[in-house]
Amino acid sequence: PIYGILDQEYDHYFLVDEKDSRAEKLKTLGALTVPFEPTAENLVISIATRIQQGLRDLPNGMRGLLTGGLIVLEQVTLWETSTSKAVWME
């Protein structure tokens with residue numbers, strides 16, 4: 001489901017590319033491995049993709065909201081700092 005994408009999967013974790021030679025050691029220290037270089041630009045794409053997947057996985061009774069155009073993911077913004085952000089747009 002859509003719930004938990006940020007707060008349970010990425011929030012307050014040290015993220016490391018699973019291909020990084022230090023990934024296994026860092027996992028033992030609590031790091032989370034991801035299948036990409038964890039830049040803001042890649043994270044915003046990952047988050048948008050996960051939200052879109054979650055929307056596709058909605059229960060049957062709610063899918064009409066998607067096909068009827070009532071629920072559309074148009075933009076995801078990930079702020080790195082107060083002046084720097086990565087934006088994904090459909």
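A quick note: this is a predicted structure, and the numbers were derived from the prediction, not measured.
- For K19, the salt bridge (charged side-chain N to carboxylate O under 4.0 Å, His left out) partners at least two apart in sequence or on another chain are D17.
- Between V76 and I51, the closest heavy-atom pair is CG2-CD1, 4.4 Å.
- Across all their heavy atoms, G30 and Y13 have their closest contact at O-CD2, 3.7 Å.
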Sequence neighbours left out, cut at 3.5 Å: what donor-acceptor pairs do the side chains of residues 82-90 make with other protein atoms?
residue : atom : partner : partner atom : Å
S84     : OG   : E80     : OE1          : 2.9
E90     : OE1  : Q52     : NE2          : 3.0

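- From T39, atom OG1 reaches atom CG of L15 across 10.5 Å, with rounding to the nearest 0.5 Å.
- Using a 4.5 Å cut-off between side-chain heavy atoms of Ile, Leu, Val, Met, Phe, Trp and Tyr, with links allowed through other members, L43 and W79 fall into different hydrophobic clusters.
- Under the rule for a side chain to side chain donor-acceptor pair (under 3.5 Å), the partners of Q75 that lie at least two apart in sequence or sit in another chain are T77.
- Counting only residues at least two apart or in different chains, salt bridge (charged side-chain N to carboxylate O under 4.0 Å, His left out) contacts with residues 26-49 comprise E24-K27.
- For the side chain to side chain donor-acceptor pair (under 3.5 Å) test, no residue two or more places apart in sequence or in another chain qualifies with E18.
- In this structure, the side chain to side chain contact (heavy atoms under 4.5 Å, CB included) partners of F14, at least two apart in sequence or on a different chain, are V16, L26, A31.
- Judged as a side chain to side chain donor-acceptor pair (under 3.5 Å), and not counting sequence neighbours, T49 has no contacts.
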